[in-house]
Amino acid sequence: AGSTGYRDGAIASAKFNQPEYLDGGETPTSNVVYVSEASNTCIVRGCYLSGQCYTKFGSHGACSMADGVGINARMQQVNGLAYVRWSSDELLYILDGNNKRIRQANLSNSEVTTIAGDGNNNDADGPAIT
């Protein structure tokens, strides 16, 4: 058994802290699985079947709320992931629990945007996403 922590790199030496959710798909260049972690709550990591794991979205230890590109996006407690191939787009939907938002990550340009939620606990319907 390995030890918990945070370290990107070769799969054999990468460290995780309570990985909870994963989803994946085939990108044009390689196969990848995306992993969120409960105790490294700010990140989504990509683990390539080629043997490398790295932080794809968010930044370890920088929990907050911000749309952005790749590691410049901020999230807090990722509670779920869903990979979707939509026409020619590859998207990763991220349930950003503590920020009470649903985020969309475009895998072609690594842009993370908020598509639902305003940070408040409520059950009001909002406008449709187009």
Side-chain angles (χ1 to χ4, degrees):
S3 59
T4 62
Y6 169 79
R7 180 175 27 197
D8 287 340
I11 288 176
S13 62
K15 288 190 174 194
F16 296 86
N17 199 347
Q18 292 182 323
E20 285 195 346
Y21 300 96
L22 64 91
D23 204 343
E26 187 172 319
T27 67
T29 57
S30 64
N31 292 321
V32 63
V33 174
Y34 295 95
V35 180
S36 71
E37 299 178 71
S39 291
N40 289 329
T41 60
C42 315
I43 60 172
V44 176
R45 298 168 77 186
C47 292
Y48 283 83
L49 299 180
S50 63
Q52 295 291 312
C53 287
Y54 69 97
T55 302
K56 178 76 174 168
F57 304 109
S59 181
H60 174 69
C63 299
S64 62
M65 168 54 208
D67 289 343
V69 176
I71 61 171
N72 293 314
R74 296 291 178 259
M75 53 198 76
Q76 191 168 352
Q77 187 135 7
V78 175
N79 296 113
L81 300 172
Y83 169 87
V84 176
R85 180 175 219 130
W86 191 270
S87 186
S88 62
D89 292 328
E90 289 184 280
L91 306 170
L92 188 67
Y93 289 93
I94 302 168
L95 301 180
D96 190 352
N98 281 2
N99 286 320
K100 300 166 186 66
R101 290 173 164 88
I102 299 172
R103 316 285 291 284
Q104 176 183 281
N106 185 316
L107 297 177
S108 66
N109 63 13
S110 297
E111 185 174 356
V112 177
T113 56
T114 300
I115 61 168
D118 62 5
N120 296 307
N121 284 329
N122 57 47
D123 62 358
D125 291 337
I129 299 171
T130 58

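These numbers were taken from a predicted model, which means no experiment stands behind them.
- Rounding to the nearest 0.5 Å gives a distance of 10.5 Å between CG of N79 and CG of N99.
- With sequence neighbours left out, Y93 forms a ring pair (Phe, Tyr, Trp, His ring centres under 6.0 Å) with no residue at all.
- Across every non-hydrogen atom of G46 and K56, the tightest pair is N-CB, 4.2 Å.
- Note: the hydrophobic cluster containing Y54 also contains V32 (ILVMFWY, side chain heavy atoms under 4.5 Å, direct or indirect links).
- The salt bridge (charged side-chain N to carboxylate O under 4.0 Å, His left out) analysis of residues 58-69, with sequence neighbours excluded, yields the pairs D67-R103.
- You'll find the side chain of Q76 stays beyond 4.5 Å of the side chain of S64, heavy atoms only.
- Of the candidates T114, I94, L95, D96, I102 forms a side-chain contact (heavy atoms from CB on, under 4.5 Å) with just one, namely L95.
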Working note: M65 + R101, criterion side-chain contact (heavy atoms from CB on, under 4.5 Å); need CA distance, chi angles, decisive distance, verdict.
CA-CA 9 Å; M65 168 54 208; R101 290 173 164 88; 3.5 Å; yes
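- Residues V78 and F57 are not in side-chain contact: their nearest non-hydrogen atoms beyond the backbone lie 4.5 Å or more apart.
- Counting heavy atoms from C-beta outward, L92 and L107 have side chains that approach closer than 4.5 Å.
- Between the side chains of S108 and N106, at least one donor-acceptor pair of N or O atoms lies under 3.5 Å.
- Counting all heavy atoms, side chain and backbone alike, S36 lies closest to L81 at N-CD1, 3.7 Å.
- Under a 3.5 Å cut-off, the side chain of D89 and the backbone N or O of L91 do not form any donor-acceptor pair.
- Residue pairs meeting the salt bridge (charged side-chain N to carboxylate O under 4.0 Å, His left out) criterion with at least one member in residues 4-16, sequence neighbours excluded, are D8-R45.
- Clustering ILVMFWY residues whenever any of their side-chain heavy atoms sit less than 4.5 angstrom apart, transitively, puts V69 in a cluster other than the one holding M75.
- Looking only at distances, a side-chain donor or acceptor of R74 sits under 3.5 Å from a matching main-chain atom of I71.
- Between the CD1 atom of I115 and the CD atom of Q104 there is a distance of 5.0 Å, given to the nearest 0.5 Å.
- Taking both residues in full, the closest heavy atoms of A14 and C53 are given as CB-CB, 4.0 Å, listed atom of the first, atom of the second, then distance.
- Proximity of N17 to Y6: side-chain heavy atoms (C-beta onward) are nowhere separated by under 4.5 Å.
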